[in-house]
Amino acid sequence: MARRRGDHDAAEAHLRTCLGWLRDVGGRSGVAFVLAQLGFVAEARGDAGRALALHREGFEAAAATGDPRAVALALEGLAGARALAGERARAARLLGTADAARASAGAPLPPAERVDVDRITARARDALGGAAFAAAFARGRDCGPEAWSSLDMDRPD
């Protein structure tokens, strides 16, 4: 809730405490979730590099769970970091892949939980234009789970 209110310091302090505990008990799914939240805090602060590092770590934890919903959240976080860094086409592709992962699990995001995805989508769509965003999103949607581990490698768009 602190993150949603914009109280980034309180959110980060609470999340770091949770992260330490989850790592101690081996809570891989929880670690992936908390890293995503910390990445969104870094994004809100305008720190694309930190956001990317946190979301990559979260992606690794999410991929290790095999849970497509955890992977989707991590991909959405990576999309936010990439969009903030000016890589809007890559962000749109990551959003498309996240959408496909959620669909594969039969777990689309409910409207009340779309705040981050809607913000990231708007940033990418506004920069790319509707047609280019839709094309990149569709390319990302065509990526299957077997490609998830290499989706955010540092390669040119």
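Predicted model, so just to flag it, every value in this text is computed and none were measured. When reading the values below, keep in mind they use all heavy atoms of this one structure, side chains included, and skip hydrogens, waters and symmetry mates.
- No more than 12 heavy atoms of other residues, nucleotides or ligands lie within 6.0 Å of NE2 in His14, so this atom counts as exposed by the packing criterion.
- Across every non-hydrogen atom of Ala61 and Val31, the tightest pair is CB-CG1, 4.2 Å.
- Contact check on Asp142 versus Arg139 returns no salt bridge, with no Lys/Arg side-chain nitrogen under 4.0 Å from an Asp/Glu carboxylate oxygen.
- Remark: Asp116 engages Arg3 in a salt bridge, criterion side-chain N to carboxylate O under 4.0 Å.
- Under the side chain to side chain contact (heavy atoms under 4.5 Å, CB included) criterion, Leu84 pairs with Glu43, Ala48, Arg123, not counting sequence neighbours.
- Between the CG atom of Leu109 and the CZ atom of Arg114 there is a distance of 5.5 Å, given to the nearest 0.5 Å.
- In summary, Arg16 and Glu12 engage in a salt bridge, as defined by a charged side-chain N under 4.0 Å from a carboxylate O.
- For Phe33, there are no ring pair (Phe, Tyr, Trp, His ring centres under 6.0 Å) partners two or more places apart in sequence or in a different chain.
- For the side chain to side chain contact (heavy atoms under 4.5 Å, CB included) test, residues two or more places apart in sequence or in another chain that qualify with Ala107 are Arg69, Ala105.
- Hydrophobic clustering, with ILVMFWY side chains joined whenever heavy atoms are under 4.5 angstrom apart, keeps Leu52 apart from Leu35.
- Closest of all the heavy-atom pairs between Gly140 and Thr97 is O-OG1, 2.6 Å.
- Partners of Ser29 under the side chain to side chain contact (heavy atoms under 4.5 Å, CB included) rule, at least two apart in sequence or in another chain, are Thr65.
- Side chain of Arg88 to backbone of Ala83: a donor-acceptor contact under 3.5 angstrom is found.
- When every heavy atom of His8 is checked against every heavy atom of Ala44, the shortest pair comes out as CE1-CB, 3.4 Å.
- Among all heavy-atom pairs drawn from Ala101 and Pro68, the shortest one is O-CB, 3.5 Å.
- A pairwise comparison of heavy atoms in Cys18 and Val34 identifies CB-CG2, 4.3 Å as the closest pair.
- Looking at residues two or more places apart in sequence or on another chain, you find a side-chain hydrogen bond (donor to acceptor under 3.5 Å, both in side chains) between Arg23 and Glu57.
- If you chain together hydrophobic residues whose side chains sit under 4.5 Å apart, Leu78 and Phe40 never meet in one group.
- Note on Val115 and Val41: separate hydrophobic clusters, where clusters join Ile, Leu, Val, Met, Phe, Trp and Tyr whose side-chain heavy atoms are under 4.5 Å apart, directly or indirectly.
- Taking hydrophobic clusters as Ile, Leu, Val, Met, Phe, Trp and Tyr residues chained together by side-chain heavy-atom distances below 4.5 Å, Val117 does not share a cluster with Leu75.
- Rounding to the nearest 0.5 Å places CZ of Arg82 at 4.0 Å from CZ of Arg90.
- Between Leu94 and Glu76 the shortest side-chain heavy-atom distance does not fall below 4.5 Å.
- Asp24 pairs by the side-chain hydrogen bond (donor to acceptor under 3.5 Å, both in side chains) definition with nothing, not counting sequence neighbours.
- Thr121 contributes no side-chain N or O that, together with a main-chain N or O of Asp118, makes up a donor-acceptor pair within less than 3.5 Å.
- For the pair Ala103 and Arg141, the tightest heavy-atom approach, listed with the atom from each and the gap, is CB-NH2, 4.0 Å.
- In the hydrophobic clustering of ILVMFWY residues, with side-chain heavy atoms under 4.5 Å counting as a link, Leu95 and Leu73 come out together.
- Rounding to the nearest 0.5 angstrom, the gap separating the CZ atom in Arg28 from the CD atom in Glu60 is 11.5 Å.
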